[in-house]
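Working notes, structure below.
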Amino acid sequence: MTETEFNKAIDALSQTTLSPTAKQEMLARVYETSINEVTQPIASAWSFSFASGYRSLSAYGLTLALILISGTAYASSVSLPGDTLYGFKVKVLEPLVLLSRWDETDQNEYKIALLQKRIGELQALKASGRINTQAGYASHVATERNVAAIEHSAVFDQTGHNSRVSSYIDTYNELAGAEFELATIIKTGVTSPTIASTTTEMEVAEEASLASEAANVAKEAAQEAASIVHTAATNMESATMSAEETVHTPVRTIIAPVKADLGL
Amino acid sequence: MMSGRSHNIGRSEDKTTFEALFAEYADVIYRLCLYKTSDQSVAADLTQECFLRLWKAMTTKEQTVEKPKQYLYQIARNLIIDHYKKMKSLSLDQLAEEGFEPKDERQHTVLHSETTLLRNAIEALEEDYREVIYLRFVEDMRVSDIASTLGLSPNLVSVRINRGKKKLQELFL
(Lines give C-alpha, C1' and ligand atoms only; values in the text may rest on other atoms or scores of the structure.)
Protein backbone atom coordinates (compact mmCIF):
# COMPACT_ATOMS: atom_id res chain seq x y z
CA MET A 1 0.00 0.00 0.00
CA THR A 2 1.33 3.41 -0.86
CA GLU A 3 1.16 6.40 1.41
CA THR A 4 -1.28 8.04 -1.01
CA GLU A 5 -3.62 5.05 -0.86
CA PHE A 6 -3.36 5.02 2.92
CA ASN A 7 -4.25 8.71 3.18
CA LYS A 8 -7.12 8.25 0.76
CA ALA A 9 -8.48 5.36 2.82
CA ILE A 10 -8.13 7.44 5.99
CA ASP A 11 -10.09 10.29 4.42
CA ALA A 12 -12.80 7.93 3.17
CA LEU A 13 -13.32 6.33 6.57
CA SER A 14 -13.04 9.51 8.61
CA GLN A 15 -15.84 11.06 6.53
CA THR A 16 -18.17 8.10 7.02
CA THR A 17 -21.08 8.95 9.29
CA LEU A 18 -24.51 7.73 10.21
CA SER A 19 -27.28 9.66 8.53
CA PRO A 20 -29.46 11.89 10.76
CA THR A 21 -32.40 9.56 10.12
CA ALA A 22 -30.36 6.52 11.11
CA LYS A 23 -29.29 8.24 14.30
CA GLN A 24 -32.85 9.19 15.22
CA GLU A 25 -34.05 5.64 14.62
CA MET A 26 -31.15 4.26 16.62
CA LEU A 27 -31.93 6.50 19.60
CA ALA A 28 -35.59 5.56 19.46
CA ARG A 29 -34.69 1.85 19.45
CA VAL A 30 -32.36 2.32 22.42
CA TYR A 31 -35.13 3.88 24.52
CA GLU A 32 -37.71 1.37 23.30
CA THR A 33 -35.48 -1.60 24.08
CA SER A 34 -34.67 -0.38 27.57
CA ILE A 35 -38.37 0.16 28.38
CA ASN A 36 -39.31 -3.29 27.06
CA GLU A 37 -36.71 -4.95 29.25
CA VAL A 38 -38.04 -3.25 32.38
CA THR A 39 -41.61 -4.39 31.78
CA GLN A 40 -40.77 -8.10 31.56
CA PRO A 41 -42.47 -10.09 34.35
CA ILE A 42 -40.50 -11.06 37.45
CA ALA A 43 -40.74 -14.70 38.52
CA SER A 44 -42.08 -15.48 42.00
CA ALA A 45 -39.50 -16.11 44.70
CA TRP A 46 -41.49 -19.21 45.80
CA SER A 47 -41.44 -20.96 42.50
CA PHE A 48 -39.23 -24.03 42.32
CA SER A 49 -37.92 -25.58 39.20
CA PHE A 50 -35.18 -27.86 38.12
CA ALA A 51 -33.36 -24.78 36.88
CA SER A 52 -33.31 -23.21 40.34
CA GLY A 53 -32.14 -26.51 41.90
CA TYR A 54 -29.40 -26.73 39.38
CA ARG A 55 -28.43 -23.18 40.16
CA SER A 56 -28.10 -24.06 43.87
CA LEU A 57 -25.83 -26.97 43.05
CA SER A 58 -23.77 -24.71 40.83
CA ALA A 59 -23.50 -22.20 43.68
CA TYR A 60 -22.15 -24.85 46.08
CA GLY A 61 -19.71 -26.08 43.48
CA LEU A 62 -18.54 -22.56 42.82
CA THR A 63 -18.05 -21.90 46.52
CA LEU A 64 -15.98 -25.07 46.90
CA ALA A 65 -13.90 -24.15 43.91
CA LEU A 66 -13.34 -20.69 45.35
CA ILE A 67 -12.19 -22.17 48.68
CA LEU A 68 -9.73 -24.45 46.89
CA ILE A 69 -8.48 -21.65 44.69
CA SER A 70 -8.06 -19.22 47.56
CA GLY A 71 -6.14 -21.85 49.53
CA THR A 72 -3.87 -22.42 46.57
CA ALA A 73 -3.52 -18.72 46.05
CA TYR A 74 -2.45 -18.20 49.65
CA ALA A 75 0.05 -21.04 49.54
CA SER A 76 1.51 -19.77 46.30
CA SER A 77 1.66 -16.16 47.53
CA VAL A 78 4.23 -17.13 50.17
CA SER A 79 6.18 -19.41 47.85
CA LEU A 80 9.78 -18.70 46.95
CA PRO A 81 11.76 -19.36 43.79
CA GLY A 82 12.22 -23.09 43.38
CA ASP A 83 9.00 -23.96 45.24
CA THR A 84 6.27 -25.88 43.44
CA LEU A 85 3.70 -23.10 43.48
CA TYR A 86 6.13 -20.32 42.61
CA GLY A 87 5.31 -20.60 38.91
CA PHE A 88 1.59 -20.28 39.68
CA LYS A 89 2.31 -17.15 41.70
CA VAL A 90 4.35 -15.32 39.07
CA LYS A 91 2.52 -16.52 35.95
CA VAL A 92 -1.09 -16.53 37.15
CA LEU A 93 -1.70 -14.69 40.41
CA GLU A 94 0.46 -11.65 39.86
CA PRO A 95 -0.80 -11.00 36.29
CA LEU A 96 -4.38 -11.30 37.60
CA VAL A 97 -3.68 -8.73 40.29
CA LEU A 98 -2.10 -6.47 37.65
CA LEU A 99 -5.16 -6.79 35.42
CA SER A 100 -7.42 -5.86 38.31
CA ARG A 101 -5.76 -2.45 38.47
CA TRP A 102 -7.48 -0.19 35.95
CA ASP A 103 -5.41 2.90 36.46
CA GLU A 104 -2.10 2.96 34.61
CA THR A 105 -0.32 4.63 37.51
CA ASP A 106 -1.49 1.85 39.85
CA GLN A 107 -0.32 -0.72 37.35
CA ASN A 108 3.11 0.85 37.10
CA GLU A 109 3.45 1.04 40.86
CA TYR A 110 2.48 -2.61 41.12
CA LYS A 111 5.07 -3.58 38.52
CA ILE A 112 7.75 -1.81 40.56
CA ALA A 113 6.43 -3.43 43.75
CA LEU A 114 6.84 -6.83 42.06
CA LEU A 115 10.48 -6.01 41.45
CA GLN A 116 10.86 -5.28 45.15
CA LYS A 117 9.16 -8.57 45.89
CA ARG A 118 11.70 -10.44 43.77
CA ILE A 119 14.47 -8.83 45.84
CA GLY A 120 12.69 -9.88 49.04
CA GLU A 121 12.42 -13.46 47.76
CA LEU A 122 16.12 -13.64 47.02
CA GLN A 123 16.92 -12.23 50.45
CA ALA A 124 14.64 -14.82 52.06
CA LEU A 125 16.31 -17.62 50.10
CA LYS A 126 19.75 -16.48 51.14
CA ALA A 127 18.73 -16.08 54.76
CA SER A 128 17.36 -19.62 54.83
CA GLY A 129 20.32 -21.06 52.94
CA ARG A 130 18.06 -22.33 50.14
CA ILE A 131 19.70 -20.46 47.29
CA ASN A 132 20.70 -22.82 44.51
CA THR A 133 20.85 -22.90 40.70
CA GLN A 134 17.21 -23.90 40.27
CA ALA A 135 15.95 -21.20 42.63
CA GLY A 136 18.27 -18.62 41.12
CA TYR A 137 17.08 -19.42 37.63
CA ALA A 138 13.39 -19.29 38.64
CA SER A 139 13.97 -15.94 40.27
CA HIS A 140 15.87 -14.63 37.26
CA VAL A 141 13.11 -15.61 34.82
CA ALA A 142 10.39 -14.04 36.98
CA THR A 143 12.37 -10.85 37.51
CA GLU A 144 13.22 -10.59 33.84
CA ARG A 145 9.51 -10.70 33.08
CA ASN A 146 8.81 -7.98 35.66
CA VAL A 147 11.58 -5.77 34.30
CA ALA A 148 10.37 -6.21 30.72
CA ALA A 149 6.94 -5.00 31.84
CA ILE A 150 8.52 -1.96 33.47
CA GLU A 151 10.57 -1.21 30.34
CA HIS A 152 7.31 -0.85 28.43
CA SER A 153 5.76 1.41 31.03
CA ALA A 154 5.83 5.18 31.03
CA VAL A 155 7.66 5.49 34.34
CA PHE A 156 10.74 7.26 33.08
CA ASP A 157 11.90 10.82 33.17
CA GLN A 158 12.82 12.83 30.08
CA THR A 159 16.25 11.21 29.88
CA GLY A 160 14.78 7.73 30.01
CA HIS A 161 15.80 6.93 33.58
CA ASN A 162 14.06 6.01 36.78
CA SER A 163 16.42 6.15 39.75
CA ARG A 164 14.16 4.07 41.98
CA VAL A 165 13.90 1.23 39.46
CA SER A 166 17.61 1.43 38.68
CA SER A 167 18.51 1.09 42.34
CA TYR A 168 16.24 -1.96 42.72
CA ILE A 169 17.87 -3.58 39.72
CA ASP A 170 21.31 -2.90 41.22
CA THR A 171 20.19 -4.48 44.51
CA TYR A 172 18.79 -7.51 42.72
CA ASN A 173 21.95 -8.01 40.69
CA GLU A 174 24.10 -7.81 43.81
CA LEU A 175 22.02 -10.55 45.42
CA ALA A 176 21.70 -12.67 42.27
CA GLY A 177 25.35 -12.65 41.40
CA ALA A 178 26.96 -12.69 37.98
CA GLU A 179 25.27 -15.92 36.88
CA PHE A 180 21.75 -14.52 37.17
CA GLU A 181 22.45 -10.86 36.67
CA LEU A 182 19.76 -8.94 34.83
CA ALA A 183 20.53 -7.15 31.59
CA THR A 184 18.13 -4.29 31.00
CA ILE A 185 18.03 -1.09 29.00
CA ILE A 186 16.61 0.64 32.08
CA LYS A 187 20.16 1.18 33.31
CA THR A 188 21.24 2.94 30.14
CA GLY A 189 18.05 4.87 29.54
CA VAL A 190 14.90 3.58 27.90
CA THR A 191 14.60 4.57 24.24
CA SER A 192 10.89 5.36 24.31
CA PRO A 193 11.16 8.55 26.39
CA THR A 194 13.90 9.64 24.00
CA ILE A 195 11.32 9.68 21.27
CA ALA A 196 8.99 11.61 23.57
CA SER A 197 11.81 13.99 24.48
CA THR A 198 12.68 14.24 20.80
CA THR A 199 9.10 15.19 20.19
CA THR A 200 9.38 17.83 22.92
CA GLU A 201 12.71 18.99 21.51
CA MET A 202 11.13 19.17 18.06
CA GLU A 203 8.28 21.25 19.43
CA VAL A 204 10.74 23.55 21.19
CA ALA A 205 12.87 23.82 18.06
CA GLU A 206 9.79 24.60 16.02
CA GLU A 207 8.79 27.30 18.49
CA ALA A 208 12.30 28.75 18.36
CA SER A 209 12.25 28.65 14.57
CA LEU A 210 8.91 30.44 14.48
CA ALA A 211 10.16 33.02 16.95
CA SER A 212 13.30 33.57 14.88
CA GLU A 213 11.25 33.93 11.75
CA ALA A 214 8.97 36.41 13.49
CA ALA A 215 12.01 38.37 14.64
CA ASN A 216 13.38 38.49 11.08
CA VAL A 217 10.06 39.72 9.78
CA ALA A 218 10.00 42.41 12.43
CA LYS A 219 13.58 43.37 11.62
CA GLU A 220 12.81 43.65 7.92
CA ALA A 221 9.75 45.71 8.71
CA ALA A 222 11.83 48.02 10.88
CA GLN A 223 14.43 48.37 8.16
CA GLU A 224 11.73 49.10 5.65
CA ALA A 225 10.25 51.71 7.96
CA ALA A 226 13.66 53.27 8.53
CA SER A 227 14.22 53.42 4.81
CA ILE A 228 10.89 55.11 4.30
CA VAL A 229 11.66 57.62 7.01
CA HIS A 230 15.10 58.30 5.52
CA THR A 231 13.66 58.81 2.08
CA ALA A 232 11.02 61.08 3.46
CA ALA A 233 13.65 63.07 5.34
CA THR A 234 15.80 63.37 2.24
CA ASN A 235 12.85 64.52 0.20
CA MET A 236 11.92 67.03 2.83
CA GLU A 237 15.46 68.41 2.89
CA SER A 238 15.47 68.74 -0.86
CA ALA A 239 12.11 70.42 -0.75
CA THR A 240 13.31 72.79 1.91
CA MET A 241 16.44 73.73 -0.05
CA SER A 242 14.36 74.29 -3.14
CA ALA A 243 11.98 76.41 -1.18
CA GLU A 244 14.86 78.48 0.19
CA GLU A 245 16.29 78.90 -3.29
CA THR A 246 12.93 80.03 -4.54
CA VAL A 247 12.72 82.59 -1.78
CA HIS A 248 16.33 83.71 -1.78
CA THR A 249 16.88 84.13 -5.55
CA PRO A 250 14.45 87.01 -6.02
CA VAL A 251 15.97 88.73 -2.97
CA ARG A 252 19.47 88.36 -4.42
CA THR A 253 18.18 89.71 -7.71
CA ILE A 254 16.96 92.78 -5.88
CA ILE A 255 19.86 93.21 -3.48
CA ALA A 256 22.74 92.81 -5.98
CA PRO A 257 21.89 95.88 -8.11
CA VAL A 258 21.18 97.90 -4.97
CA LYS A 259 24.59 97.00 -3.63
CA ALA A 260 26.13 97.92 -6.99
CA ASP A 261 24.39 101.24 -6.88
CA LEU A 262 25.64 101.95 -3.45
CA GLY A 263 29.13 101.01 -4.51
CA LEU A 264 29.14 98.13 -2.00
CA MET B 1 -35.50 -14.10 36.63
CA MET B 2 -34.95 -10.39 36.96
CA SER B 3 -32.67 -9.14 39.64
CA GLY B 4 -35.30 -6.87 41.12
CA ARG B 5 -33.29 -3.71 40.49
CA SER B 6 -35.38 -0.77 39.53
CA HIS B 7 -34.49 1.07 36.37
CA ASN B 8 -34.97 4.77 36.46
CA ILE B 9 -35.91 5.34 32.87
CA GLY B 10 -36.02 8.73 31.31
CA ARG B 11 -34.88 11.19 33.93
CA SER B 12 -34.55 14.34 31.91
CA GLU B 13 -30.97 15.10 32.99
CA ASP B 14 -29.85 11.53 32.14
CA LYS B 15 -31.49 11.78 28.76
CA THR B 16 -29.88 15.11 27.98
CA THR B 17 -26.44 13.83 28.95
CA PHE B 18 -26.96 10.59 27.08
CA GLU B 19 -28.13 12.33 23.92
CA ALA B 20 -25.17 14.69 24.08
CA LEU B 21 -22.84 11.69 24.30
CA PHE B 22 -24.71 10.02 21.47
CA ALA B 23 -24.42 13.10 19.30
CA GLU B 24 -20.70 13.32 19.98
CA TYR B 25 -19.68 9.67 19.75
CA ALA B 26 -22.21 7.81 17.60
CA ASP B 27 -20.19 8.38 14.45
CA VAL B 28 -16.90 7.59 16.22
CA ILE B 29 -18.19 4.25 17.47
CA TYR B 30 -19.86 3.51 14.14
CA ARG B 31 -16.62 4.12 12.26
CA LEU B 32 -14.73 1.89 14.67
CA CYS B 33 -17.25 -0.92 14.19
CA LEU B 34 -17.23 -0.42 10.43
CA TYR B 35 -13.44 -0.46 10.37
CA LYS B 36 -13.37 -3.74 12.27
CA THR B 37 -16.25 -5.50 10.51
CA SER B 38 -16.39 -3.88 7.04
CA ASP B 39 -20.17 -4.30 7.23
CA GLN B 40 -22.42 -1.26 7.55
CA SER B 41 -25.41 -3.13 8.98
CA VAL B 42 -23.32 -4.97 11.54
CA ALA B 43 -21.56 -1.74 12.44
CA ALA B 44 -24.91 -0.01 12.97
CA ASP B 45 -26.18 -2.88 15.13
CA LEU B 46 -23.06 -2.87 17.25
CA THR B 47 -23.22 0.90 17.63
CA GLN B 48 -26.81 0.69 18.80
CA GLU B 49 -25.98 -2.06 21.28
CA CYS B 50 -23.09 0.01 22.57
CA PHE B 51 -25.29 2.97 23.35
CA LEU B 52 -28.03 0.77 24.73
CA ARG B 53 -25.57 -0.54 27.29
CA LEU B 54 -24.42 2.96 28.10
CA TRP B 55 -28.01 4.06 28.58
CA LYS B 56 -28.71 1.13 30.87
CA ALA B 57 -25.59 1.88 32.88
CA MET B 58 -26.50 5.55 33.21
CA THR B 59 -30.04 4.82 34.32
CA THR B 60 -29.18 2.11 36.83
CA LYS B 61 -28.92 3.49 40.34
CA GLU B 62 -26.08 1.26 41.42
CA GLN B 63 -23.75 2.38 38.67
CA THR B 64 -22.08 5.64 37.77
CA VAL B 65 -20.38 6.08 34.44
CA GLU B 66 -17.47 8.34 35.28
CA LYS B 67 -15.61 8.17 31.99
CA PRO B 68 -18.25 7.70 29.31
CA LYS B 69 -15.86 7.99 26.37
CA GLN B 70 -13.60 5.28 27.74
CA TYR B 71 -16.64 3.22 28.72
CA LEU B 72 -18.12 3.47 25.23
CA TYR B 73 -14.88 2.54 23.56
CA GLN B 74 -14.39 -0.45 25.83
CA ILE B 75 -17.95 -1.65 25.23
CA ALA B 76 -17.47 -1.28 21.48
CA ARG B 77 -14.27 -3.33 21.57
CA ASN B 78 -15.93 -6.05 23.62
CA LEU B 79 -18.97 -6.16 21.35
CA ILE B 80 -16.76 -6.47 18.29
CA ILE B 81 -14.92 -9.39 19.89
CA ASP B 82 -18.24 -11.01 20.83
CA HIS B 83 -19.43 -10.54 17.27
CA TYR B 84 -16.45 -12.41 15.90
CA LYS B 85 -16.74 -15.05 18.55
CA LYS B 86 -20.21 -15.75 17.33
CA MET B 87 -19.09 -15.62 13.73
CA LYS B 88 -16.15 -17.92 14.00
CA SER B 89 -16.67 -19.77 17.29
CA LEU B 90 -13.17 -18.91 18.35
CA SER B 91 -12.20 -19.27 21.98
CA LEU B 92 -11.17 -16.14 23.86
CA ASP B 93 -7.69 -17.54 24.29
CA GLN B 94 -7.27 -17.97 20.57
CA LEU B 95 -8.49 -14.43 20.00
CA ALA B 96 -6.07 -13.11 22.57
CA GLU B 97 -3.20 -15.10 21.07
CA GLU B 98 -3.95 -14.26 17.49
CA GLY B 99 -4.57 -10.62 18.26
CA PHE B 100 -7.74 -8.98 17.20
CA GLU B 101 -7.41 -9.46 13.48
CA PRO B 102 -10.44 -11.39 12.36
CA LYS B 103 -11.51 -10.71 8.83
CA ASP B 104 -15.07 -11.05 7.78
CA GLU B 105 -14.91 -13.47 4.89
CA ARG B 106 -18.60 -13.81 4.21
CA GLN B 107 -19.21 -13.32 0.54
CA HIS B 108 -22.38 -11.28 0.93
CA THR B 109 -21.06 -8.59 3.31
CA VAL B 110 -20.51 -5.09 2.08
CA LEU B 111 -16.77 -4.67 2.11
CA HIS B 112 -15.28 -1.28 1.67
CA SER B 113 -12.09 -1.99 -0.19
CA GLU B 114 -10.44 1.10 1.19
CA THR B 115 -11.44 0.19 4.74
CA THR B 116 -9.98 -3.25 4.22
CA LEU B 117 -6.75 -1.82 2.82
CA LEU B 118 -6.55 0.56 5.75
CA ARG B 119 -7.16 -2.20 8.26
CA ASN B 120 -4.49 -4.37 6.65
CA ALA B 121 -2.00 -1.52 6.88
CA ILE B 122 -2.72 -0.63 10.49
CA GLU B 123 -2.92 -4.22 11.66
CA ALA B 124 0.47 -4.90 10.14
CA LEU B 125 1.73 -2.79 13.04
CA GLU B 126 2.41 -4.14 16.49
CA GLU B 127 -0.67 -4.47 18.67
CA ASP B 128 0.30 -1.59 20.96
CA TYR B 129 0.36 0.88 18.07
CA ARG B 130 -2.83 -0.04 16.24
CA GLU B 131 -5.43 1.69 18.34
CA VAL B 132 -3.47 4.90 18.87
CA ILE B 133 -2.65 5.12 15.16
CA TYR B 134 -6.30 4.48 14.27
CA LEU B 135 -7.59 7.15 16.65
CA ARG B 136 -4.90 9.61 15.61
CA PHE B 137 -5.36 9.26 11.87
CA VAL B 138 -9.02 8.38 11.44
CA GLU B 139 -10.56 10.32 14.31
CA ASP B 140 -7.86 13.03 14.35
CA MET B 141 -7.84 12.89 18.15
CA ARG B 142 -5.32 14.77 20.20
CA VAL B 143 -2.88 12.86 22.35
CA SER B 144 -4.77 13.79 25.53
CA ASP B 145 -8.08 12.58 24.08
CA ILE B 146 -6.56 9.30 22.93
CA ALA B 147 -5.02 8.86 26.37
CA SER B 148 -8.33 9.40 28.14
CA THR B 149 -10.19 7.14 25.69
CA LEU B 150 -7.78 4.25 26.09
CA GLY B 151 -6.93 4.82 29.74
CA LEU B 152 -3.24 5.39 29.01
CA SER B 153 -0.82 8.12 29.90
CA PRO B 154 -0.32 10.90 27.32
CA ASN B 155 3.39 10.17 27.33
CA LEU B 156 2.83 6.56 26.37
CA VAL B 157 0.34 7.53 23.68
CA SER B 158 2.81 10.03 22.25
CA VAL B 159 5.53 7.39 22.16
CA ARG B 160 3.31 4.84 20.48
CA ILE B 161 2.09 7.30 17.87
CA ASN B 162 5.65 8.18 16.94
CA ARG B 163 6.74 4.58 16.75
CA GLY B 164 3.63 3.62 14.82
CA LYS B 165 4.16 6.40 12.29
CA LYS B 166 7.74 5.36 11.72
CA LYS B 167 6.71 1.78 11.25
CA LEU B 168 3.99 2.79 8.79
CA GLN B 169 6.52 4.75 6.77
CA GLU B 170 8.64 1.62 6.56
CA LEU B 171 5.68 -0.42 5.39
CA PHE B 172 4.58 1.96 2.64
CA LEU B 173 5.55 0.96 -0.88
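Residue numbering restarts at 1 for every chain, and letters A, B, ... go by the order of the sequence lines.
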### Task
For Y134(B) and L13(A), run side-chain contact (heavy atoms from CB on, under 4.5 Å): C-alpha distance rounded to whole Å, both residues' side-chain angles, the deciding distance at 0.1 Å, then the answer.
CA-CA 11 Å; Y134(B) 171 84; L13(A) 182 59; 4.0 Å; yes
### Message
side-chain contact (heavy atoms from CB on, under 4.5 Å) for F18(B) and V30(A)? Distances and angles first, verdict last.
### Response
CA-CA 11 Å; F18(B) 174 74; V30(A) 165; 3.9 Å; yes
### Criterion side-chain contact (heavy atoms from CB on, under 4.5 Å) on F172(B) and T4(A), from CA distance to verdict
CA-CA 9 Å; F172(B) 287 145; T4(A) 309; over 6 Å; no
### Task
Quick one: do T17(A) and R31(B) satisfy side-chain contact (heavy atoms from CB on, under 4.5 Å)? Show the steps, please.
CA-CA 7 Å; T17(A) 58; R31(B) 280 192 288 267; 3.7 Å; yes
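Neither the backbone nor the side chain of E49(B) comes within contact range of chain A; no heavy atoms are under 4.5 Å apart. In this structure, no portion of E139(B) lies under 4.5 Å from any heavy atom of chain A. Y30(B) touches chain A through its side chain: at least one heavy atom from C-beta onward sits under 4.5 Å away, while N, CA, C and O do not. Of the two parts of L171(B), only the backbone, made up of N, CA, C and O, holds a non-hydrogen atom closer than 4.5 Å to a non-hydrogen atom of chain A.
Atom CZ of R142(B) is surrounded by 12 or fewer heavy atoms from other residues, nucleotides or ligands within 6.0 Å. Within 6.0 Å of NZ on K69(B) lie more than 12 heavy atoms contributed by other residues, nucleotides or ligands.
Counting only distance, with no hydrogens or angles, the side chain of D27(B) and the backbone of L18(A) share a donor-acceptor pair below 3.5 Å.
For the pair T33(A) and W55(B), the minimum side-chain heavy-atom distance is 4.5 Å or more. A heavy-atom distance below 4.5 Å is not found between the side chains of Y35(B) and T16(A).
Residue L118(B) holds its CG atom at 5.5 Å from CZ of F6(A), rounded to the nearest 0.5 Å. Put simply, OG1 on T2(A) and CG on L117(B) are 9.0 Å apart, with the number rounded to the nearest 0.5 Å. Taking CE of M26(A) as the start and CG of D45(B) as the end, the distance is 8.0 Å to the nearest 0.5 Å. The distance from the CZ atom of R29(A) to the CZ atom of F51(B) is 13.5 Å, given to the nearest 0.5 Å.
Remark: K15(B) is positioned above the aromatic ring of Y31(A), its terminal NZ or CZ atom under 6.0 angstrom from the ring centre and at most 45 degrees off the axis.
Ranked by heavy-atom pairs under 4.5 Å with chain A, the first of T47(B), V28(B), L54(B) is T47(B).
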